[in-house]
Amino acid sequence: MPMWFAAVTLAAAAITATAAESATPVKMGLQSVVAPFVLPDNTSGLLVDVVRAAFATQQVKVEFRYLPNARFDDQMRQGLLDITPTTGTDAAQVGYLSHWPVTHFHNMAITLRSKIPTLSRLEDLKRYRVTAFRGARNVLGAAYAAVVGVNPDYREVVTMPSGALLLGRTDIIISQPDIFQYYLRQQLPHQRTGDDVLAYHDVLGPGRFYWMRFRTEAQRDAFERGIAQLYATGEIDRIQQRYARDYGLTRDFFVALDCQFRPEQAPQKCKKIREWTRPAQE
């Protein structure tokens, strides 16, 4: 076989394989509702829209499958999922880790400023009625679990009752501020919630960063090329601005991406993030 013919044949085969992979949607596992990052209609949300847009730049479609977190790893091992969020600390998990964290959950203790203007340390939570998201004691660390474990007025809930804080039914809400504000708008749409009303207390640590784990290297590389393209074209800003307008979202959820692609905008914050985010890579 002539060398030129062999080269053309191999190139054609590579193009055909790439096209076939692009024609097959990648399947991403997500929690059913983490509003406003994953919205209850299961077709939108800030995270959903950004992942979909990133893959669209690579002509790849995404199917989102909503499952309890505990099932993500099993579904990946069975080949039923291609992408799952992960804290990036378990090198034994199957697949390929993204080269940088993608999302950031920075939970805070939220109070009415008129009732609790300051909280100086984690131990202060012992003295109040505290409402947190389900599973908080499992993800916010041993010190947090020890403090709330001795508080008889501590509870965890599935749907964040943000309005309960304004109505005096709890003293402290443990939540990511954007999630808290989303549910507050749903529950008390006419309530004023400026800085003179609410206080956000940073007593729970630096937050939790999530990478993405992919079944194949090709899927990871396609996603990362897509994210880079969203930043290059400004599409990431248009998506963020839409959610800021509709839901009052800040950029904190994607602060790790901002620091990856635009570190000059917040050099001190990005320096801290680099210190916090060093997972074991494959």
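Just so it is clear, the values below take in all heavy atoms, side chains as well, and ignore hydrogens, waters and symmetry mates.
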Between [X] and [Y], is any side-chain donor less than 3.5 angstrom from a side-chain acceptor?
{"X": "His106", "Y": "Asp202", "answer": "yes"}
{"X": "Asp171", "Y": "Thr111", "answer": "no"}
{"X": "Arg185", "Y": "Tyr183", "answer": "no"}
{"X": "Tyr231", "Y": "Asp237", "answer": "no"}

Applying the 4.5 Å side-chain criterion to the ILVMFWY set and letting contacts propagate, would [X] and [Y] be lumped into a single cluster?
{"X": "Phe180", "Y": "Val197", "answer": "yes"}
{"X": "Leu80", "Y": "Phe72", "answer": "no"}
{"X": "Tyr210", "Y": "Tyr66", "answer": "yes"}

Main-chain N/O of [Y] paired to [X] side chain as donor or acceptor, under 3.5 Å:
{"X": "Arg220", "Y": "Arg215", "result": "no"}
{"X": "His104", "Y": "Val255", "result": "no"}
{"X": "Glu156", "Y": "Ala132", "result": "no"}
{"X": "Ser175", "Y": "Pro177", "result": "no"}
{"X": "Gln181", "Y": "Asp178", "result": "no"}

Hey, could you give me the [atom1]/[atom2] distance between [X] and [Y], rounded to the nearest 0.5 Å?
{"X": "Ser162", "Y": "Gln191", "atom1": "OG", "atom2": "CD", "result": "11.5 Å"}
{"X": "Leu30", "Y": "Thr84", "atom1": "CG", "atom2": "OG1", "result": "9.5 Å"}
{"X": "Ile227", "Y": "His99", "atom1": "CD1", "atom2": "NE2", "result": "14.5 Å"}
{"X": "Phe253", "Y": "Ile179", "atom1": "CZ", "atom2": "CD1", "result": "8.0 Å"}
{"X": "Arg137", "Y": "Tyr144", "atom1": "CZ", "atom2": "OH", "result": "7.5 Å"}
{"X": "Gln240", "Y": "Leu249", "atom1": "CD", "atom2": "CG", "result": "7.5 Å"}

When you compare the side chain of [Y] with that of [X], does any pair of heavy atoms fall below 4.5 Å?
{"X": "Asp252", "Y": "Gln176", "value": "yes"}
{"X": "Val139", "Y": "Arg208", "value": "yes"}
{"X": "Thr131", "Y": "Ile174", "value": "no"}
{"X": "Leu47", "Y": "Val50", "value": "no"}
{"X": "Trp211", "Y": "Val102", "value": "no"}
{"X": "Tyr128", "Y": "Asp153", "value": "no"}
{"X": "Thr86", "Y": "Leu97", "value": "yes"}
{"X": "Met160", "Y": "Ile173", "value": "yes"}

Which heavy-atom pair separates [X] from [Y] by the least distance, and what is that distance?
{"X": "Asp82", "Y": "Met76", "value": "C-SD, 3.8 Å"}
{"X": "Tyr243", "Y": "Gly45", "value": "OH-N, 2.9 Å"}
{"X": "Gln187", "Y": "Gly163", "value": "OE1-N, 2.7 Å"}
{"X": "Arg129", "Y": "Thr170", "value": "O-OG1, 3.1 Å"}
{"X": "Ala35", "Y": "Leu39", "value": "CB-CD2, 4.0 Å"}
{"X": "Leu122", "Y": "Val147", "value": "O-CG1, 3.6 Å"}

Salt-bridged, [X] to [Y], with N to O below 4.0 Å?
{"X": "Arg238", "Y": "Glu235", "value": "yes"}
{"X": "Asp258", "Y": "Arg251", "value": "yes"}
{"X": "Lys61", "Y": "Glu63", "value": "no"}

Please confirm whether [X] and [Y] have ring centers closer than 6.0 angstrom.
{"X": "Tyr96", "Y": "Phe214", "answer": "no"}
{"X": "Phe37", "Y": "Phe105", "answer": "yes"}
{"X": "Trp100", "Y": "Phe209", "answer": "no"}

Report task. Anything under 30° is parallel, anything over 60° is perpendicular, the rest tilted; go ahead and classify Tyr182 against Tyr247. Result -> tilted
Report task. Would you please test Leu81 and Leu67 for side-chain contact (heavy atoms from CB on, under 4.5 Å) and show each step? Result -> CA-CA 11 Å; Leu81 291 177; Leu67 303 164; 3.9 Å; yes
Would you indicate whether [X], at its atom [atom1], is surrounded by more than 12 heavy atoms from other residues, nucleotides or ligands within a distance under 6.0 Å?
{"X": "Arg169", "atom1": "CZ", "answer": "no"}
{"X": "Asp41", "atom1": "CG", "answer": "yes"}
{"X": "Arg225", "atom1": "CZ", "answer": "yes"}

Query - Step-by-step side-chain contact (heavy atoms from CB on, under 4.5 Å) determination, Leu46 to Ile239 - result: CA-CA 7 Å; Leu46 180 60; Ile239 296 172; 3.9 Å; yes
Query raised in the report: Please walk me through it: do Glu123 and Lys126 pass salt bridge (Lys or Arg N to Asp or Glu O under 4.0 Å)?
Result: CA-CA 6 Å; Glu123 287 73 16; Lys126 294 178 181 179; over 6 Å; no
Requested in this report: Show your reasoning for whether side-chain contact (heavy atoms from CB on, under 4.5 Å) applies to Phe64 and Val51.
Outcome: CA-CA 10 Å; Phe64 296 95; Val51 170; 4.1 Å; yes
Requested in this report: Run the numbers on Leu166 and Leu198 for side-chain contact (heavy atoms from CB on, under 4.5 Å), then give the verdict.
Outcome: CA-CA 9 Å; Leu166 279 295; Leu198 298 172; 4.3 Å; yes
